[in-house]
Amino acid sequence: MQAFTYNALPGRVVFGSGTLSQAAAEVQALGCRRALILSTHQQRDTAQDLKARMGSAAAGLFSGAVMHTPVAITEQALAASRDCGADCVVSLGGGSTIGLGKAIALRTGLAQIVIPTTYAGSEATPILGETRDGLKTTQRSADILPEVILYDVDLTLSLPPALSVTSGMNAIAHAVEALYTADANPVISLMAEDGIRALAGALPAIVTDPRNVEARSDALYGAWLCGVCLGNAGMALHHKLCHILGGSFDLPHSETHTVLLPHVAAYNAGAAPEAMRRAARALGAGNAAEGLARLASSLGAPTSLRQIGMPQEGLDRAAELATQSPYWNPRKVERAQIRALLQNAWDGRTPAPL
Ligand code: NAD
């Protein structure tokens with residue numbers, strides 16, 4: 001057994017079907033009385049419904065959350081929080097809404113209850129990515145980690161199949177990287193393998209029948225495990241590239257993860273053989289990069305950066321940004337190889353070790 005360090009993160013998790021009805025009780029259990037509910041515009045109706053159910057425990061609703069947590073939107077939400085005298089936030093939605101709740105908590109110290117409706121995993125991490133002037137910066141702090149996660153499988157039944165697939169691949173990316181980051185450890189590796197296995201098994205069933213509650217439960221459970229992996233073991237090259245393409249080129253988050261993951265797995269394969277063996281085993285594949293590419297394409301996910309709006313002329317700048325202040329990665333991050341990786345991903349070619 002290799003030496004390792006494991007930092008368990010605090011947090012209460014409530015998982016099940018119909019758990020939304022427990023939101024008001026969770027607010028009270030935190031010693032709070034006036035929650036500001038957060039959502040995107042698209043999920044405003046669900047958030048309104050939650051507000052009605054929570055009665056006097058809900059003081060207000062802000063439905064302006066958007067992707068990549070722009071600071072200007074956070075300022076609007078902070079004003080809404082002050083206006084209604086909020087003493088906690090309840091974030092109902094995917095990573096965008098949860099990111100907004102984290103940004104508020106970081107600035108105010110308000111407690112957070114998060115009700116995730118995608119598989120992005122932000123709910124389980126002390127990480128916040130914010131965008132200012134077209135640049136996404138990421139920070140970690142204990143103040144960012146939500147106090148309570150309320151998983152209600154029912155809320156995920158409406159997640160469109162295409163987004164379910166890319167969001168699930170986003171979660172799998174957390175687990176794959178957790179297997180080889182500098183902070184990898186045996187406990188998190190167990191979670192990573194099981195998270196990949198749960199999602200890889202559930203996603204095909206969800207595409208066939210998006211209202212398959214059993215498959216939705218497995219996927220949400222897998223998403224939690226993968227989120228814990230991200231929160232505990234951190235990130236490497238794959239997440240760095242996704243942050244650059246999302247923050248500086250405004251590419252859609254989960255689709256970007258989906259396209260890049262097999263390419264980064266191929267790039268890192270030689271430097272992290274044990275991690276790749278475990279990822280492949282969880283995918284039921286002989287090779288992790290191939291297994292990831294096959295899973296995504298068999299579920300109809302995008303397979304090229306070109307398809308998801310990346311301008312080819314931006315690849316040079318993206319490669320430059322990736323090598324400026326790289327995250328730790330098992331294989332050295334070199335500009336020429338990263339440029340080639342991005343070109344392969346842009347063209348939608350077979351992932352290659354380069
Ligand atoms: P999202 O939150 O942007 O959601 C995408 C769209 O789907 C939104 O319109 C949303 O309202 C809608 N939606 C969500 N759940 C739905 C449901 N069940 N039914 C119908 N519609 C639904 O997407 P995301 O991929 O979850 O989050 C992406 C953002 O999260 C990015 O900004 C990313 O950087 C961030 N993120 C952060 C972390 C972290 O640890 N800090 C981890 C993962 C993702």
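Keep in mind it's a predicted model, so treat the numbers as computed, not measured. Numbering of ligands and ligand atoms starts at 1, following listing order.
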Would you call [X] and [Y] a salt bridge, using N to O less than 4.0 angstrom?
{"X": "Glu320", "Y": "Arg317", "value": "no"}
{"X": "Asp209", "Y": "Arg211", "value": "no"}
{"X": "Arg12", "Y": "Glu123", "value": "no"}
{"X": "Asp316", "Y": "Arg339", "value": "yes"}

Exercise. So which heavy atom on Ala35 is nearest to which on Val27, and how close?
Worked result: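 Looks like CB-CG2, 4.2 Å.
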
Seminar exercise, completed: Nearest heavy-atom contact between Leu159 and Ser164 is O-OG, 3.1 Å

Only heavy atoms of [X], strictly under 4.0 Å: list the atoms of ligand 1 that pass.
{"X": "Thr118", "result": "14 (C), 15 (N), 26 (O)"}
{"X": "Lys102", "result": "39 (C), 40 (O), 41 (N)"}
{"X": "Gln42", "result": "9 (O), 11 (O)"}
{"X": "Gly94", "result": "2 (O), 26 (O)"}
{"X": "Thr125", "result": "39 (C), 40 (O), 41 (N)"}

So, regarding [X] and ligand 1 (criterion: nitrogen or oxygen to nitrogen or oxygen, under 3.5 Å), is there a contact or not?
{"X": "Ile127", "value": "yes"}
{"X": "Gly95", "value": "yes"}
{"X": "Thr69", "value": "no"}
{"X": "Ser167", "value": "no"}

Exercise. To which protein heavy atom is atom 3 (O) of ligand 1 closest, and what is the distance rounded to 0.1 Å?
Worked result: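 Closest protein heavy atom to atom 3 (O) of ligand 1: Ser96 OG, 2.5 Å.
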
Seminar exercise, completed: In this structure, atom 34 (O) of ligand 1 is nearest to the protein heavy atom Lys136 NZ, 2.6 Å

Heavy atoms only: which of [options] is nearest to [atom]?
{"atom": "atom 39 (C) of ligand 1", "options": "Ser91, Ser158, Ser122", "value": "Ser122"}
{"atom": "atom 32 (O) of ligand 1", "options": "His239, His68, His253, Glu130", "value": "His68"}
{"atom": "atom 6 (C) of ligand 1", "options": "Ile98, Leu155, Thr40, Leu163", "value": "Leu163"}
{"atom": "atom 22 (C) of ligand 1", "options": "Gln43, His257, His243, His174", "value": "Gln43"}

Let me check something: any side-chain donor-acceptor pairs from residues 285-293 under 3.5 Å, sequence neighbours excluded? List them with distances.
unit_1 : atom_1 : unit_2 : atom_2 : d
Asn287 : OD1    : Ala289 : N      : 3.0
Asn287 : OD1    : Glu290 : N      : 2.9

For this session: Name the orientation class of the two ring planes belonging to Tyr221 and Trp224 (parallel below 30°, tilted from 30 to 60°, perpendicular beyond 60°).
Result: tilted

Exercise. Is Leu230 in contact with ligand 1, taking contact as a heavy-atom separation below 4.0 Å?
Worked result: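 The answer is yes, since Leu230 has a heavy atom less than 4.0 Å from ligand 1.
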
For this session: Taking atom CZ of Arg281 as the centre, report whether more than 12 heavy atoms of other residues, nucleotides or ligands fall under 6.0 Å from it.
Result: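 Atom CZ in Arg281 is packed in, count exceeds 12.
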
Exercise. Heavy-atom count around Arg349 CZ within 6.0 Å, excluding the residue itself: above 12?
Worked result: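 Counting neighbours around CZ of Arg349, more than 12 heavy atoms of other residues, nucleotides or ligands fall under 6.0 Å, so yes.
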
